[in-house]
Amino acid sequence: MIYSLSTRLLNICIASLCKIQKLDRAEAVIIDAIRLGYIPDVVTYNTLISAYSRFVGVDEAYSVLHRMREAGIKPDVITYNSLIAGASRNCQPSRSLDLFEEMHHNGILPDTWSYNTLMHCFFKVGQPEEAYKIFCDMELRNITPCVTTYNTIINGLCKTGNAIKALRLFRDLKRQGFAPSIVTYNTLIDGLCKSRKSRLAGGVLRELGKSGCTRDLKTCTTVMKCCFRSGNFDRGFEIFSDMRKEGCAFDSFVYCTVISALAKLGKIKEAYERMEEMMKDGVRLDMVCYNTFINVYCKQGEMSLAHQLLNEVQGCGLQSDEYTHAILIHGFCKLGDIDSAMAHLERRPAESNLVASNCLIYGLFKVGRADFALKLFNELSIKDGFTYTIMLHGLCKCGRYLAAFDILMTCLSNRVKISSSAKRAVCIGLRESGFRKEERKLRSAIRLARLLVS
DNA sequence: ATAGGGTTAG
């Protein structure tokens, strides 16, 4: 009784240290506690292993497993599930599978959680077939799937570009008596919105209203974001103010969604107000928040404020990411300060940041350095619809309509998505400079592409 | 111990 009480105390202490990410300290406490006669148990170590795998890395978490064994405590299914979750977070499916094997080897049977996590990992790295195999294995071994299992599959399908299949699965499951949770609805609505199936998403949203589930903050964020994405800004802001009326406590997701929308519309003053409000609410700022703020400053052309914030980020132990750099480079390009943009890009490999490269191409055209833009374009090993759209606009701007024509024809035959304004610019340019034959060819190619796509 | 929402380029 005394032992179990002290173990529980120890576990509470370890859990709080893990929560504030003082992991070295937590382990030191365990060692001291043992010396003082406390007896750690599997929960003590599982807490630590879970925290290491979440905040540090799987290797570090795995080394705790060794020390756990040395202390005479046997790992259980939760120990391994934490490690598998860590490997999954790092997109290491083979590592997850190894852990799965090792678990089997040690006589620990994987449970629903283990399988769910493993499936999630395969979806995350874009291997839905492998995830499906895991699901079959699960059935074979009589491990009963749960709501999370299906939510993982629905999410996985959405994230691998199969939102319609996800919806079909959802319908099938419901027919079989599956009770969706709010997570199921949120996942599906978000997936459909991102695949530009907002009408279907609206249908699922109405279905949620009729179900026994209650919508939550994530539902609202998802729907609001969906409105902004489809250009329905008024409706998006309306959802935000409705949430406020209902007395919702906003988190960083809500604020970042709204602030970005305001920044996109150039409503900088309102963006600042929301930023202030966010700070007043005491929302903890992560890298996404800082990126959102830096973007607001960049939109305003306040590059020194943007940089100041970047320095602040490094001061609080956060790591700037590819978003940060793309935002800053775009900021410089908008101002026509191509040198600063280049200098910034040089510190980061261009190949690994397609958005930044796209911005730079845009910036080069903007200052009239079309040949340099073409050189950069040709050097890119990966290009996307944005790259081509920016190129087309740039080439039209400096009157190189035939070059634009060639690129656009290639895009059409390769089904690369090009903005309609870029297509229009090329057609008009060709016509006005007398390239009638090319214009005709292009227009019929555009018509044909439209027919084939839909 | 697993699943869902937020940040960049035309």
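Labels below follow one simple rule: chain letters A, B, ... track the order of the sequence lines, proteins then strands, and each chain is numbered from 1.
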Salt bridge (Lys or Arg N to Asp or Glu O under 4.0 Å) pairs, two or more places apart, involving residues 114-132 of chain A:
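Every salt bridge (Lys or Arg N to Asp or Glu O under 4.0 Å) pair that includes a residue of residues 114-132 of chain A, provided the two are not neighbours, is Glu130(A)-Lys133(A).
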In [range], which ones come under 4.0 Å of DNA chain B, going by heavy atoms?
{"range": "residues 283-297 of chain A", "answer": "Asp286(A), Val288(A), Cys289(A), Asn291(A), Thr292(A), Asn295(A)"}
{"range": "residues 94-122 of chain A", "answer": "Asp111(A), Trp113(A), Asn116(A), Thr117(A), His120(A)"}
{"range": "residues 46-66 of chain A", "answer": "Ser50(A), Arg54(A)"}
{"range": "residues 247-263 of chain A", "answer": "Asp251(A), Ser252(A), Phe253(A), Val254(A), Cys256(A), Thr257(A), Ser260(A)"}

So, is [X] close to the [N] phosphate, meaning a side-chain N or O under 4.0 Å from OP1 or OP2?
{"X": "Lys194(A)", "N": "dG6(B)", "answer": "yes"}
{"X": "His393(A)", "N": "dA9(B)", "answer": "no"}
{"X": "Lys299(A)", "N": "dA9(B)", "answer": "yes"}
{"X": "Lys225(A)", "N": "dT7(B)", "answer": "yes"}

Go through the side-chain N and O atoms of [X] and [Y] and say whether any donor and acceptor fall under 3.5 Å apart.
{"X": "Asp216(A)", "Y": "Thr219(A)", "result": "yes"}
{"X": "Asn116(A)", "Y": "Thr152(A)", "result": "no"}
{"X": "Asn11(A)", "Y": "Thr44(A)", "result": "yes"}
{"X": "Asp384(A)", "Y": "Asn358(A)", "result": "yes"}
{"X": "Asn155(A)", "Y": "Thr187(A)", "result": "no"}

Could you tell me how far apart [X] ([atom1]) and [N] ([atom2]) are, to the nearest whole angstrom?
{"X": "Ile327(A)", "N": "dA9(B)", "atom1": "CD1", "atom2": "P", "answer": "8 Å"}
{"X": "Asn90(A)", "N": "dT2(B)", "atom1": "CG", "atom2": "P", "answer": "14 Å"}
{"X": "Leu208(A)", "N": "dG5(B)", "atom1": "CG", "atom2": "P", "answer": "16 Å"}
{"X": "Leu188(A)", "N": "dA3(B)", "atom1": "CG", "atom2": "C1'", "answer": "13 Å"}
{"X": "Leu364(A)", "N": "dA9(B)", "atom1": "CG", "atom2": "C1'", "answer": "14 Å"}
{"X": "His344(A)", "N": "dT8(B)", "atom1": "NE2", "atom2": "P", "answer": "16 Å"}
{"X": "Phe178(A)", "N": "dA3(B)", "atom1": "CZ", "atom2": "P", "answer": "16 Å"}
{"X": "Phe237(A)", "N": "dG6(B)", "atom1": "CZ", "atom2": "P", "answer": "16 Å"}

Just grab all the side chain to side chain donor-acceptor pair (under 3.5 Å) pairs involving residues 389-399 of chain A, residues at least two apart or on different chains.
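Every pair satisfying side chain to side chain donor-acceptor pair (under 3.5 Å) with a residue in residues 389-399 of chain A: His393(A)-Ser421(A).
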Base, sugar-phosphate, or nothing for [X], non-hydrogen atoms under 4.0 angstrom?
{"X": "Thr221(A)", "result": "base"}
{"X": "Leu392(A)", "result": "nothing"}
{"X": "Ile182(A)", "result": "base"}
{"X": "Lys159(A)", "result": "sugar-phosphate"}

Quick one: which of [options] gets closest to the side chain of [X]?
{"X": "His330(A)", "options": "dA3(B), dA1(B), dA9(B)", "result": "dA9(B)"}
{"X": "Asn81(A)", "options": "dG10(B), dA1(B), dG5(B)", "result": "dA1(B)"}
{"X": "Arg89(A)", "options": "dG10(B), dT2(B), dT8(B)", "result": "dT2(B)"}

Ring pair (Phe, Tyr, Trp, His ring centres under 6.0 Å) partners of residues 247-268 of chain A, not counting sequence neighbours, each pair once
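The answer is Phe240(A)-Phe250(A), Phe250(A)-Tyr255(A).
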Got a sec, which pairs hit ring pair (Phe, Tyr, Trp, His ring centres under 6.0 Å) with one end in residues 103-136 of chain A, sequence neighbours left out?
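Of all non-adjacent pairs touching residues 103-136 of chain A, those that pass ring pair (Phe, Tyr, Trp, His ring centres under 6.0 Å) are Phe100(A)-Tyr115(A).
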Please check if the side chain of Asn353(A) supplies one atom and the backbone of Glu322(A) the other of a donor-acceptor pair under 3.5 Å.
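A pair under 3.5 Å: yes.
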Which side-chain N or O atoms in residues 163-172 of chain A pair as donor and acceptor under 3.5 Å with protein atoms at least two apart or in another chain?
from	atom 1	to	atom 2	distance (Å)
Arg171(A)	NH1	Glu207(A)	OE1	3.2
Arg171(A)	NH1	Glu207(A)	OE2	3.1
Arg171(A)	NH2	Glu207(A)	OE1	3.1
Asp172(A)	OD1	Arg175(A)	NH1	3.2

Can you list the residues that meet the side chain to side chain donor-acceptor pair (under 3.5 Å) rule with Thr184(A), with sequence neighbours excluded?
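By the side chain to side chain donor-acceptor pair (under 3.5 Å) rule, Thr184(A) matches Asn151(A), Ser181(A).
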Any donor-acceptor N/O pair under 3.5 Å between dG5(B) base and Thr222(A) side chain:
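Result: no qualifying N/O pair found.
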Check residues 83-97 of chain A and write down every donor-acceptor pair under 3.5 Å in which the side-chain atom is one partner and the other belongs to a residue at least two apart or another chain.
from	atom 1	to	atom 2	distance (Å)
Arg89(A)	NH1	Ser53(A)	O	3.3
Arg95(A)	NH1	Asp59(A)	OD1	3.0
Arg95(A)	NH2	Asp59(A)	OD1	3.2
Ser96(A)	OG	Gln92(A)	O	3.2

Tell me, please, which residues at least two apart from Arg244(A) pass salt bridge (Lys or Arg N to Asp or Glu O under 4.0 Å).
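By the salt bridge (Lys or Arg N to Asp or Glu O under 4.0 Å) rule, Arg244(A) matches Glu277(A).
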Mind checking whether Tyr362(A) and His330(A) have parallel, tilted or perpendicular rings, split at 30° and 60°?
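Tilted, since the angle between the ring planes falls between 30° and 60°.
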